[in-house]
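Side chains are part of it too, since the values below use all heavy atoms of this structure and drop only hydrogens, waters and symmetry mates. Residue numbers count from 1 along this sequence.
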Amino acid sequence: MKLPLLTLLLFLSGVAAQAQRQMEYLSRGLVAVQVGQDSVFVSWRLLHSDDENLAFNVYRKTGENNVVKLNENPLTDATSIMDVDNLPDGTYTYLVKPVVNGSEKKADGTYQLEKSAEGHPYFTIPMQTPENYSPGDASAADLDGDGDYELVVHMTGRGHDNSHNGLTDEPIFHAYKLDGTLLWSINLGKNVREGAHYTQFLVYDFNGDGRAEVAMKTADGTTDGTGKVIGDAKEDHRNENGHVLEGPEFLTVFDGMTGAALATVPFAPARHSSIENPTPRDLNEVWGDGRGNRSERYLACVAYLDGIHPSIVMCRGYYTRATLAAFDWQNDKLTQRWLFDSDDGTPGNRAYHGQGNHSVSVGDVDGDGCDEIIYGAAVINNDGTGLYSTQLGHADALHFSDLDPTRPGLEVFNIQERFDDAGMNFRDAKTGEILWKVPSVKAAESGGDKGEGPGRGVAFNVDPRYPGNECWAFGAEISGMWNAQGEKISETTPGTCNFAVWWDGDLLRELLDKNRVMKWDWENKKLNTIVEAENCWSNNGTKSTPALSADLFGDWREEVVLRTRDNQSLRIYTTTIPTEHRFVTLMQDPIYRLSIAWQNIAYNQPPHPGFYIGDEMERPSNPELNLIKYQPKSEKQANLIIENKTIK
């Protein structure tokens with residue numbers, strides 16, 4: 001079924017949701033962005049709670065009495081409009097008002113814009129960056145309960161991959177409102193190693209009170225946002241190589257508004273299943289090395305394991321032994337729900353040994369309303385047991401969504417690090433059935449070795465001639481592009497294999513790499529740059545990933561968060577290109593929202609919704625959501641909410 005351009009309302013995915021998932025309440029998310037010197041692009045959210053026929057009127061207000069309506073008829077197509085009245089510099093307030101059955105309601109969102117000769121299509125968030133640090137990966141959640149997102153930013157200093165020796169700087173985390181207000185700073189201390197594989201953080205409303213918490217691995221010397229120290233600040237558990245292989249490990253839940261530690265428990269999965277203080281020899285016996293390259297590889301995610309409440313899932317190991325522990329933060333208590341261990345002797349668990357990636361994904365793959373954890377080449381069921389293992393082994397990149405709309409259910413696109421017959425592989429997310437695969441070139445040759453396969457792989461809808469997401473990879477001499485049905489459609493590989501965003505007005509996805517948003521020209525087989533963020537740069541070295549990409553505000557298209565080259569600010573770039581398509585905010589799709597929570601983990605991967613977006617898309621089913629609006633329990637809590645929501 002082809003969806004009409006002017007009346008498209010996307011009801012979000014939910015294969016067979018059987019209960020209402022708790023999810024954060026969101027405001028209308030109205031923003032206004034200057035486009036050159038002549039125009040202003042005004043954009044707002046369509047919400048899960050909105051009626052299918054809801055329309056909008058948009059107004060521009062100057063002073064007290066000068067109010068101009070920007071649309072002749074109520075808007076029923078896109079949730080955006082271009083103000084092209086060639087306005088002089090000055091202060092303008094934009095308002096959006098819902099229209100229900102022809103009756104206009106009160107304003108449901110206002111935004112104040114300072115139009116000037118220096119106007120630009122991005123928002124700047126000034127940082128209080130510690131000396132010799134830089135803004136790293138970020139996550140978004142509503143920390144104060146006002147319906148708008150704040151950012152938690154990992155301030156990164158000197159760090160190391162776990163395979164390397166050397167001391168690291170202490171990991172520091174900041175929370176910012178979008179106007180640059182610093183809410184708190186948390187220092188994990190010297191006993192938590194800095195690095196992409198070690199320092200994972202989750203930001204989400206775990207207890208369903210309408211405000212997000214922050215969950216992280218902590219240790220002796222961690223200092224929370226109020227100055228309180230966890231454990232013993234005098235202890236130094238680092239060895240001569242800078243690794244932390246002994247000493248207590250904790251899991252702490254912090255208050256999202258204040259940074260105060262709310263609860264701390266022993267961290268799980270532990271270094272060793274039966275020895276409290278394992279030696280390097282002990283670690284070598286259960287992990288395959290005793291120096292921390294395997295036992296100190298961490299992942300994390302948020303999952304609705306009961307279909308209603310979000311759980312914290314902390315993961316340890318993927319090259320060999322793979323362990324996952326689920327925790328619930330409910331009624332001011334942090335309790336462990338289950339523990340999965342590939343090497344604990346449980347029948348069948350050994351099949352999950354060595355199957356993890358440098359990232360995870362989460363979603364309901366089997367239609368029971370509860371989330372599973374896509375752990376690389378395997379999937380862990382919501383009850384903490386193994387669902388299936390493909391035995392294809394470890395890899396770096398993975399994509400999970402309705403990648404092929406011509407078949408029922410969801411799919412996983414994965415790669416394979418070793419030279420073998422599944423350098424790229426495409427599988428049914430529910431059963432693990434391999435639908436198609438492409439071998440690494442050397443594996444297909446007689447006498448080919450079993451060395452390193454492709455390092456990166458992606459699945460994005462960039463070519464309108466084929467239904468579904470197109471797939472390609474970098475490395476292992478795999479070249480070209482495949483469609484979602486496994487047919488090679490091009491001998492040319494796009495020049496990037498990284499992130500993607502919905503940016504322009506059509507339903508194809510644009511490609512994001514370093515500080516550029518690019519369009520794949522499928523007719524001429526080349527990349528065309530749409531946006532280049534001047535004086536900004538990406539994170540994570542050669543991975544070249546943004547601090548965050550997500551649908552943070554405005555219409556359904558995504559924003560890109562990058563650090564400035566002087567490390568003193570973050571910039572949020574948002575599209576100013578008109579569109580005819582009307583979508584509920586992606587942040588109210590369960591799979592997409594959880595992908596924002598895990599995006600910062602290890603080797604960052606781009607988010608996907610749980611449904612397919614393309615010209616030939618069918619209307620997905622509507623998820624059952626219980627949207628939680630924060631209700632302060634006291635005047636003191638109410639006063640904590642900072643009212644200034646202006647984005648500078």
Side-chain angles (χ1 to χ4, degrees), residues 6 25-47 49-51 53-126 144-149 177-181 552-557 559 572 574-580 582 585 629 638-639 641-648:
L6 296 179
Y25 160 84
L26 292 177
S27 72
R28 190 60 68 185
L30 177 69
V31 291
V33 186
Q34 192 170 328
V35 184
Q37 294 304 306
D38 299 327
S39 305
V40 174
F41 186 73
V42 185
S43 178
W44 60 96
R45 293 184 181 116
L46 188 68
L47 298 169
S49 56
D50 288 337
D51 184 86
N53 300 312
L54 187 66
F56 298 94
N57 289 330
V58 184
Y59 296 86
R60 180 185 68 243
K61 182 178 179 181
T62 308
E64 288 297 323
N65 301 313
N66 186 6
V67 180
V68 177
K69 186 179 179 182
L70 300 184
N71 52 293
E72 292 185 11
N73 300 309
L75 300 173
T76 57
D77 49 4
T79 55
S80 59
I81 190 171
M82 190 75 78
D83 183 358
V84 293
D85 283 352
N86 196 17
L87 304 172
D89 292 349
T91 302
Y92 300 92
T93 299
Y94 288 89
L95 305 89
V96 60
K97 297 184 178 182
V99 180
V100 180
N101 297 324
S103 175
E104 184 180 81
K105 306 302 179 181
K106 67 179 182 179
D108 188 16
T110 63
Y111 185 85
Q112 184 171 293
L113 173 70
E114 299 290 340
K115 186 177 182 296
S116 67
E118 293 77 31
H120 37 63
Y122 57 79
F123 307 112
T124 298
I125 306 176
D144 59 11
D146 64 0
D148 295 323
Y149 285 124
K177 292 187 71 67
L178 297 190
D179 65 357
T181 300
L552 295 176
F553 41 68
D555 67 23
W556 57 277
R557 291 170 295 175
E559 281 67 48
I572 305 179
T574 187
T575 185
T576 57
I577 301 173
T579 182
E580 295 179 303
R582 175 175 162 115
T585 174
K629 188 172 184 178
N639 290 336
I641 300 178
I642 300 173
E643 296 297 338
N644 181 10
K645 302 176 185 178
T646 302
I647 306 173
K648 296 181 179 179

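Heavy atoms only, all atoms of each residue included: D179 and P126 are closest at O-CD, 4.2 Å. Contact detail for F41 and S80: the closest heavy-atom pair is CZ-CB, 3.5 Å. Smallest separation of non-hydrogen atoms from R45 and D148: NH1-OD1, 4.4 Å. Across all non-hydrogen atoms, the minimal contact from A55 to P74 is CB-CB, 3.7 Å. Contact detail for D89 and A117: the closest heavy-atom pair is OD2-N, 3.3 Å. In terms of heavy atoms, L87 sits closest to K115 at O-NZ, 2.9 Å.
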* Can you list the steps and then say if D38 with V84 is a side chain to side chain contact (heavy atoms under 4.5 Å, CB included)? -> CA-CA 6 Å; D38 299 327; V84 293; over 6 Å; no
* Asked: What's the verdict on side chain to side chain contact (heavy atoms under 4.5 Å, CB included) for L26 and Y149, showing C-alpha distance, side-chain angles and the deciding distance?
  -> CA-CA 8 Å; L26 292 177; Y149 285 124; 3.5 Å; yes
* **Intermediate values then yes/no, side-chain hydrogen bond (donor to acceptor under 3.5 Å, both in side chains), Y94 and D83** => CA-CA 10 Å; Y94 288 89; D83 183 358; 2.8 Å; yes
* For D555 and T79, run side-chain hydrogen bond (donor to acceptor under 3.5 Å, both in side chains): C-alpha distance rounded to whole Å, both residues' side-chain angles, the deciding distance at 0.1 Å, then the answer. => CA-CA 6 Å; D555 67 23; T79 55; 5.0 Å; no
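Looking at D51 and V100, their side chains never come closer than 4.5 Å, going by heavy atoms from C-beta outward. Counting heavy atoms from C-beta outward, L46 and F56 have side chains that approach closer than 4.5 Å. Within the 4.5 Å cutoff, the side chain of L75 has heavy atoms near those of the I81 side chain. N53 places none of its side-chain heavy atoms less than 4.5 Å from the side chain of T76. The shortest distance between side-chain heavy atoms of D77 and R582 does not fall below 4.5 Å.
In this structure, the side chain of Q34 engages the main chain of S116 through a donor-acceptor pair within 3.5 Å.
K177 and D146 are joined by a salt bridge, as a carboxylate oxygen and a charged side-chain nitrogen come within less than 4.0 angstrom of each other.
When ring centroids are compared, F553 and F123 come within the 6.0 Å threshold.
Between the CG atom in L47 and the CG atom in D108 there is a gap of 7.5 Å [rounded to 0.5 Å]. Atoms CE and OG1, from M82 and T576 in turn, are 5.5 Å apart once rounded to the nearest 0.5 Å. From W44, atom CH2 reaches atom OG of S27 across 14.0 Å, with rounding to the nearest 0.5 Å. To the nearest 0.5 Å, atoms CG (N57) and CD (E104) are separated by 4.5 Å.
Under a cutoff of 6.0 Å and an axis angle of 45°, K97 and Y59 form a cation-pi pair.
Within a 6.0 Å sphere centred on NZ of K629, other residues, nucleotides and ligands contribute 12 heavy atoms or fewer. Within a 6.0 Å sphere centred on CG of N86, other residues, nucleotides and ligands contribute more than 12 heavy atoms.
Here the options are T110, V96, T585, the test is side-chain contact (heavy atoms from CB on, under 4.5 Å), and the partner is R28; only V96 passes. Shown are D85, T93, N66; of these, the side-chain hydrogen bond (donor to acceptor under 3.5 Å, both in side chains) with R60 is made only by D85.
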